[in-house]
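Some notes on the structure that comes next.
By convention here, the first residue in the shown sequence is residue 1. All figures in this text were calculated on a predicted structure; none of them were measured in a lab.
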Amino acid sequence: MLEKSFMEVYDKFKLQFYRQVFALVRERDGSLSAMEAFSLEVIKMLHEPTVGQFADFLNISQSNATYKVNNLIRKGYLERQNSSVDRREYHLVLSDKFYSYAGLLSSYEVTVMQRIKERFPREDVERFGSMLKVISEELMPECM
C-alpha cells in the first residue's frame, strides 16, 4: 500500500513537471530543449556545482557537460561565477531568467502543499514535514 501510494504521488508530480516543461519548450531561437530544462533542474538541485560536479553526477564526459553549460549560458539561463576558494575554478549559478522560468514549474508543488495544509490537521502536516526531512537527509544519501 505505501509503495503504491508513494509511486502514484511521485508519478503525478513527474507528469505535471513534464507537462510544464514541454509547454515551455518552443522551437525558436533561445528557447530551451527538454534536455536543457532537465539539465537546469539538476544544476539547481546540486546547488551551484562546478562543471565537473555536474558531469560526474550525470555520468557524462566533461566536454559534453561543458557543451551543455555553454549553450545554457548563451541562452541566458546560467552564469559562471569564480570560486572564492580557487579563482581558476568556477561554479554554475542560475540566472534571473532561469528563476522566472522555474517559477512556472514550481507552481504545482505550491498548489499541492496548500491543499495538504487545508486538508489535514496542522499536527499531521508538521509530522509529514518532519518525515520528508528525514527521508531527504537520511534515507536518500545517493542524492547528496
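Evaluation of the salt bridge (Lys or Arg N to Asp or Glu O under 4.0 Å) test over residues 116-131, restricted to residues two or more places apart or in two chains, returns Arg122-Glu126. For the salt bridge (Lys or Arg N to Asp or Glu O under 4.0 Å) condition, the pairs that include at least one residue of residues 9-18, sequence neighbours left out, are Asp11-Lys14.
Alongside Val93, the hydrophobic cluster contains no other residue (criterion: ILVMFWY side chains under 4.5 Å). The other members of the hydrophobic cluster of Phe6, by chain and number, are Met7, Tyr10 (side-chain heavy atoms under 4.5 Å, ILVMFWY only).
With sequence neighbours excluded, no residue forms a ring pair (Phe, Tyr, Trp, His ring centres under 6.0 Å) with Phe128.
For Arg80, the CZ atom sits in a packed shell: over 12 heavy atoms of surrounding residues, nucleotides or ligands are nearer than 6.0 Å. The environment of CE in Met113 is crowded: more than 12 heavy-atom neighbours from other residues, nucleotides or ligands sit within 6.0 Å.
Here CD of Glu48 is found 10.0 Å from CG of Leu78. Values are rounded to the nearest 0.5 Å. For the atom pair OH of Tyr90 and CG of Asn82, the computed distance is 9.5 Å after rounding to the nearest 0.5 Å. We find the OH-CG distance between Tyr77 and Asn71 to be 12.5 Å, quoted to the nearest 0.5 Å. To the nearest 0.5 Å, atom CG of residue Leu32 and atom NZ of residue Lys97 are 7.5 Å apart.
Taking 4.5 Å as the limit, some side-chain heavy atom of Ile135 sits within range of a side-chain heavy atom of Met140. The closest side-chain heavy-atom distance from Val42 to Phe38 is not below 4.5 Å. Contact check for Leu72 versus Glu36: side-chain heavy atoms found under the 4.5 Å cut-off.
Between the side chain of Ser95 and the backbone N or O of Gly76 there is at least one donor-acceptor pair closer than 3.5 Å. Using a distance-only test at 3.5 Å, with no hydrogens or angles considered, a donor-acceptor pair links the side chain of Ser39 to the main chain of Met35. Here the side chain of Gln16 pairs no donor or acceptor atom with the backbone of Phe13 at under 3.5 angstrom.
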Kindly list each side-chain donor-acceptor pair under 3.5 angstrom involving residues 49-61, sequence neighbours excluded, with atom names and distances?
| from | atom 1 | to | atom 2 | distance (Å) |
| --- | --- | --- | --- | --- |
| Thr50 | OG1 | Gly52 | N | 3.4 |
| Thr50 | OG1 | Gln53 | N | 3.0 |
| Gln53 | OE1 | Thr50 | N | 2.8 |
| Ser61 | OG | Ser63 | OG | 3.2 |
| Ser61 | OG | Asn64 | N | 3.0 |

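No path of Ile, Leu, Val, Met, Phe, Trp and Tyr side chains, each step under 4.5 Å between heavy atoms, connects Val112 with Met131, placing them in separate hydrophobic clusters. Both Leu40 and Tyr99 are assigned to one and the same hydrophobic cluster, defined by single-linkage of ILVMFWY side chains at heavy-atom distances under 4.5 Å.
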Glu41 and Phe17: CA distance, side-chain angles, deciding distance, side chain to side chain contact (heavy atoms under 4.5 Å, CB included) verdict: CA-CA 11 Å; Glu41 288 296 311; Phe17 174 76; 3.5 Å; yes
From CA spacing to verdict: salt bridge (charged side-chain N to carboxylate O under 4.0 Å, His left out), Lys133, Glu138: CA-CA 8 Å; Lys133 184 174 173 122; Glu138 298 176 23; over 6 Å; no
